[in-house]
Amino acid sequence: MLYIGIDLGTSAVKLLLMDGAGSIKNIVSKEYPLEFPQPGWSQQSPEDWRDAVLGGIPELLQGFDASQVAGIGSGGQMHGLVVLDKEDNVIRPAILWNDGRTAKQVDYLNGVIGKEKLSRLTANIAFAGFTAPKLLWMKENEPELFARIDKIMLPKDYINYVLTGVHCTDLSDASGMLLLDVEHRCWSKEMLETCGVSEGQMPRLFESYEKVGVLLPGVARQLGLPEDVAVCAGAGDNAAAAVGTGTVGEGACNISLGTSGTIFISSEKFGVDPNNALHAFAHADGHYHLMGCMLSAASCNKWLMEDIFQTQDYAGEQKDITPGRLGNNRVFFLPYLMGERSPINDTNARGTFVGMTMDTSRSDLTQAVLEGVAFAIRDSFEVAKALGIDIRRSKICGGGAKSPLWKTIMANVLNIQLDIPASEQGPGMGGAMLAMVACGLYPTVADACARLVCTAETVSPDPELAARYERRYQQFRALYPALKTVFAGLNG
């Protein structure tokens with residue numbers, strides 16, 4: 001049998017066709033636009049996601065027996081606010097995970113409702129990217145549209161609705177809304193009341209690997225698929241990527257270098273970072289995880305290469321960064337192009353080069369960006385260490401992980417071994433694996449991971465280079481505190 005994995009990203013959807021033994025048969029990508037109506041704002045049309053998925057699946061299946069498709073599973077960008085009216089029409093563009101318009105609402109939630117209460121109710125505090133502050137923003141700034149809301153969903157849930165007609169979400173993705181009681185895996189009535197919405201406006205909750213329904217007859221005909229194709233709830237992109245890299249069970253770790261950057265630590269038991277620097281979310285395997293998320297990771301390098309250097313020759317720009325230059329760059333980069341989440345939670349933070357001189361070169365700036373992202377990932381890594389979590393090795397995935405140089409930098413900045421999965425398809429592969437569990441091919445997510453995920457190579461740190469990066473990291477971590485008030489002043 002065949003299974004479709006949907007990776008609903010920020011700039012494109014990647015569709016993956018995989019068989020039950022883990023062999024990837026085909027991949028199709030469809031891009032869609034991203035809107036920045038004001039500085040720090042980020043939104044997207046859910047209809048563009050729909051059109052990309054419905055247009056891409058027939059292309060994905062060309063040359064294959066569509067009757068063999070048994071299930072579909074999605075991994076999607078988290079936190080985005082999708083709102084539908086009573087006729088299930090989209091009310092406004094989705095406000096995305098990297099949108100920073102909700103600083104006032106975040107301050108209200110953390111300062112007036114209080115971080116302690118938020119953490120008790122949802123296991124997390126408010127961040128600008130989360131869904132609850134966006135609802136409050138909409139209630140205050142678009143009251144007529146807010147009054148029309150009949151259903152509230154997340155991006156990949158809208159795709160599941162299009163496919164099945166079911167208003168659903170999964171627990172891993174719902175964890176990032178600040179509306180879920182993560183520990184007890186149910187909606188928080190107090191948080192819903194705080195945001196002025198009811199449980200009836202929320203989608204039905206499922207575990208990621210549970211079947212939510214089958215294809216609508218019209219959709220099945222449009223896609224050329226059987227009507228009994230099962231659609232599972234799927235997962236937030238990071239939880240889906242963790243499944244795709246086999247990051248399940250106690251203490252397993254995955255680092256993702258995508259548009260955003262994350263460090264994902266799987267746990268069998270519920271636990272909360274007492275300082276709330278790391279998110280405490282449900283995992284797609286039915287358990288829990290801690291996660292640190294930076295808003296701009298590989299997107300920082302894309303910005304430098306394409307917008308500033310006007311090139312797409314990423315490898316060419318890295319060729320002059322020889323081993324002897326690692327750990328010796330005099331230029332630092334703070335990767336806060338969209339503000340920052342973990343662990344500083346500061347929408348005012350901005351991308352910044354520090355230490356440039358007249359002889360600073362293009363390759364110095366390129367190296368500084370790669371190192372700056374690695375240092376920022378380490379900021380969350382340090383929080384995990386302070387909680388007593390001993391991480392000796394991690395999986396790594398995402399577009400940035402395709403760079404041998406970046407993997408070397410990351411391994412030495414963190415001073416851990418990095419395992420590169422044989423298949424680096426992240427959320428799409430995780431979505432397809434969840435669909436396999438929903439269809440009964442594997443009894444649990446852990447069983448699917450054990451059967452389908454293997455390591456292609458391991459990057460190990462070099463003691464001398466790790467020591468150089470330790471000194472550099474201590475200098476890096478002094479920069480943001482020194483600039484915090486400057487950033488606040490720049491942003492009024």
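This chain uses plain numbering: 1 for the first residue, then up along the sequence. Computed from a prediction, not measured in an experiment: that's the story for all the values here.
Nearest heavy-atom pair across T102 and W137 is CG2-CB, 3.9 Å. Annotation for A435 and G73: closest pair CB-N, 3.8 Å, computed over non-hydrogen atoms. A pairwise comparison of heavy atoms in L81 and L135 identifies CD1-CD2, 3.8 Å as the closest pair. What you find for F206 and C168 is that their closest heavy atoms are CE1-CB, 3.6 Å. Considering every non-hydrogen atom in both P46 and V82, the closest pair reads CG-CG1, 4.2 Å. N124 and H279 get closest at one heavy-atom pair: OD1-CA, 3.2 Å.
Ring geometry, H289 versus F281: the interplanar angle exceeds 60°, so the pair is classed perpendicular (tilted spans 30 to 60°).
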Fill in: Verdict with supporting geometry, E317 and T311, side-chain hydrogen bond (donor to acceptor under 3.5 Å, both in side chains)
CA-CA 9 Å; E317 293 293 335; T311 181; 4.5 Å; no
Worksheet entry | Residue pair V445, M433: steps toward the side-chain contact (heavy atoms from CB on, under 4.5 Å) verdict | CA-CA 8 Å; V445 175; M433 290 167 65; over 6 Å; no
Worksheet item: T455 and D419: side-chain hydrogen bond (donor to acceptor under 3.5 Å, both in side chains), yes or no, with the steps?
Response: CA-CA 6 Å; T455 298; D419 296 322; 4.8 Å; no
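Distance check: Q44 CD to L8 CG gives 7.5 Å after rounding to the nearest 0.5 Å.
Look at K407 and E457 and you find a salt bridge, because one of the NZ, NE, NH1 or NH2 atoms lies within 4.0 Å of a carboxylate O, short of that distance. Contact check on D99 versus K134 returns no salt bridge, with no Lys/Arg side-chain nitrogen under 4.0 Å from an Asp/Glu carboxylate oxygen. The residues E47 and R50 are annotated as not salt-bridged, no charged nitrogen and carboxylate oxygen being separated by less than 4.0 angstrom.
Looking at Y32, its side chain does come within 3.5 Å of a backbone N or O of A12 through a donor-acceptor pair. No donor-acceptor pair under 3.5 Å is formed between the side chain of E183 and the backbone N or O of F270. Of the possible polar contacts, one joining the K151 side chain to the G200 backbone as a donor-acceptor pair under 3.5 Å is found. Checked by atom type and distance alone, the side chain of N160 pairs as donor or acceptor with a backbone atom of A233 at under 3.5 Å. The backbone N or O of H79 sits less than 3.5 Å from a side-chain atom of T131, completing a donor-acceptor pair. A donor-acceptor pair is defined here as one N or O able to donate and one able to accept, closer than 3.5 Å; such a pair exists between the side chain of T164 and the backbone of V166.
The shortest distance between side-chain heavy atoms of Y314 and K302 falls below 4.5 Å. Annotation: side chain of T444 is not in contact with side chain of D285 (no heavy-atom distance under 4.5 Å). Between H283 and V248, some side-chain heavy-atom pair lies under the 4.5 Å cut-off. M138 has its side chain within reach of V83: a pair of non-hydrogen atoms, C-beta onward, lies under 4.5 Å apart.
The number of heavy atoms from other shown groups lying within 6.0 Å of CZ (R120) is above 12. Counting non-hydrogen atoms of other residues, nucleotides and ligands closer than 6.0 Å to CD of E31 gives a total of 12 or fewer. Heavy atoms from other residues, nucleotides or ligands lying under 6.0 Å from CD of E250 number more than 12.
Of the N and O atoms on the side chains of D170 and S172, at least one donor lies less than 3.5 Å from an acceptor on the other residue. With 3.5 Å as the limit, one finds a donor-acceptor pair spanning the side chains of S42 and N98.
The cationic atom of R92 (NZ for Lys, CZ for Arg) does not lie both less than 6.0 Å from the six-membered ring centre of F146 and within 45° of the ring axis.
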